[in-house]
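Heads up, the thing below is written out as structure tokens.
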Amino acid sequence: MGVVTPPTDRTPKQDRSRATRRRLLEAAVACLAEHGWAGSTVSVVAERAGVSRGAAQHHFPTREDLFTAAVEYVAEERSAALRTLPVQGRAAVVAALVDLYTGPLFRAALQLWVAASNEASLHPRVSELEARVGRETHRIAVELLKADESRPGTRETVQGLLDMARGLGLANVLTDDTGRRRRVVAQWAALLDDALD
């Protein structure tokens, strides 16, 4: 009987696989936000994540699989962060919601939307993902704002906030719009106080 040599890396294979998957997802979002769809390939993402292209394709067989999973992953992370946001008043909630649309996740999602508008194979996946993320974001916003959607106009008011936040995110893509955005966020928080109370 031969001698069995213990593995040098004691991290279980499943844990290493999860860690690799996570690195790939985070690298994919960063690449998409920085380089857009055209400049974000599986090879570029794999290199940034520090894994081989083969390892990347083991986890995500196609480019579409990788990037839709990446945006979904980060959207779920942001939703989890929103759910744990300490309630500090509507102004803080409005600012946190706007932050969702002004960071790298929004830039990555925007690149994916543009690509999906031109690529038939990507369109249904991105549309379904965005619908799901939109519903979840709306639900969380209602909870955080303590909005009573049984009152007429409340649902539209909350959705208007999210649409405004998306618009602020678009404005921020080309230029740093921080100063103007702060004033708009403060005004929206005041409007929400009037509309939701």
Side-chain angles (χ1 to χ4, degrees), residues 23-49 60 63-82 85 90-138 140-141 144-145 156-192 195:
R23 282 198 320 272
L24 284 164
L25 293 172
E26 290 171 352
V29 169
C31 286
L32 203 53
E34 292 171 18
H35 308 296
W37 178 255
S40 297
T41 64
V42 174
S43 295
V44 168
V45 171
E47 183 178 328
R48 185 174 189 137
F60 303 101
R63 182 180 186 208
E64 291 81 4
D65 291 336
L66 173 61
F67 288 105
T68 53
V71 172
E72 182 173 23
Y73 162 77
V74 179
E76 288 170 2
E77 292 287 304
R78 294 301 298 252
S79 292
L82 266 182
L85 185 72
R90 287 201 175 114
V93 172
V94 171
L97 290 167
V98 168
D99 285 348
L100 280 177
Y101 295 97
T102 55
L105 169 62
F106 180 74
R107 285 179 180 268
L110 183 59
Q111 294 293 333
L112 202 57
W113 297 346
V114 171
S117 72
N118 296 314
E119 299 202 21
S121 65
L122 197 55
H123 188 272
R125 296 174 75 174
V126 173
S127 296
E128 187 274 327
L129 169 63
E130 286 305 317
R132 194 169 69 243
V133 168
R135 285 190 303 270
E136 176 68 3
T137 303
H138 184 94
I140 292 169
L144 291 173
L145 293 166
E156 293 77 10
T157 299
V158 172
Q159 192 57 51
L161 163 64
L162 296 174
D163 291 344
M164 181 272 304
R166 190 176 300 113
L168 289 173
L170 284 171
N172 198 56
V173 167
L174 295 177
T175 60
D176 182 1
D177 206 24
T178 306
R180 187 179 73 85
R181 189 169 61 247
R182 278 193 200 114
R183 293 188 304 275
V184 171
V185 166
Q187 181 62 26
W188 262 89
L191 291 171
L192 283 173

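Quick note: numbers below take in every heavy atom, side chains included, and nothing from hydrogens, waters or symmetry partners. Please read all numbers here as calculations on a predicted model, not as lab measurements. Residue numbers start at 1 and run along the sequence shown.
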What's the spacing between [X] [atom1] and [Y] [atom2] if we round to 0.5 Å?
X: R125; Y: E119; atom1: CZ; atom2: CD; value: 11.5 Å
X: L170; Y: D177; atom1: CG; atom2: CG; value: 11.0 Å
X: T68; Y: Y73; atom1: OG1; atom2: OH; value: 15.0 Å
X: R90; Y: L97; atom1: CZ; atom2: CG; value: 12.0 Å
X: R107; Y: L112; atom1: CZ; atom2: CG; value: 15.5 Å
X: T178; Y: N172; atom1: OG1; atom2: CG; value: 6.0 Å

Compare all side-chain heavy atoms of [X] with those of [Y] and state whether any distance is below 4.5 angstrom.
X: L162; Y: Q159; answer: yes
X: F67; Y: V45; answer: yes
X: L161; Y: L191; answer: no
X: W37; Y: L122; answer: yes
X: E64; Y: V126; answer: no
X: E34; Y: R48; answer: yes

Taking every non-hydrogen atom, the tightest pair across [X] and [Y]:
X: V42; Y: R63; answer: CG2-CA, 3.9 Å
X: T102; Y: G169; answer: CG2-CA, 4.0 Å
X: R180; Y: A171; answer: NH2-CB, 3.8 Å
X: V158; Y: H138; answer: CG1-CE1, 3.7 Å
X: E130; Y: A109; answer: OE2-CB, 4.2 Å
X: C31; Y: V44; answer: SG-CG1, 3.7 Å

Given L100 and F106, is the side chain to side chain contact (heavy atoms under 4.5 Å, CB included) satisfied, shown in steps?
-> CA-CA 7 Å; L100 280 177; F106 180 74; over 6 Å; no
Step-by-step side chain to side chain contact (heavy atoms under 4.5 Å, CB included) determination, D163 to R166 = CA-CA 5 Å; D163 291 344; R166 190 176 300 113; 3.0 Å; yes
Between W188 and L168, does a side chain to side chain contact (heavy atoms under 4.5 Å, CB included) hold up when you go through it step by step?
-> CA-CA 12 Å; W188 262 89; L168 289 173; over 6 Å; no
Should we say atom CD of E47 is surrounded by more than 12 heavy atoms from elsewhere, each under 6.0 Å from it?
-> no
N-O pairing of E136 and R132 below 4.0 Å | no
Under 3.5 Å: donor-acceptor pair, side chain of S117, backbone of V114 = yes
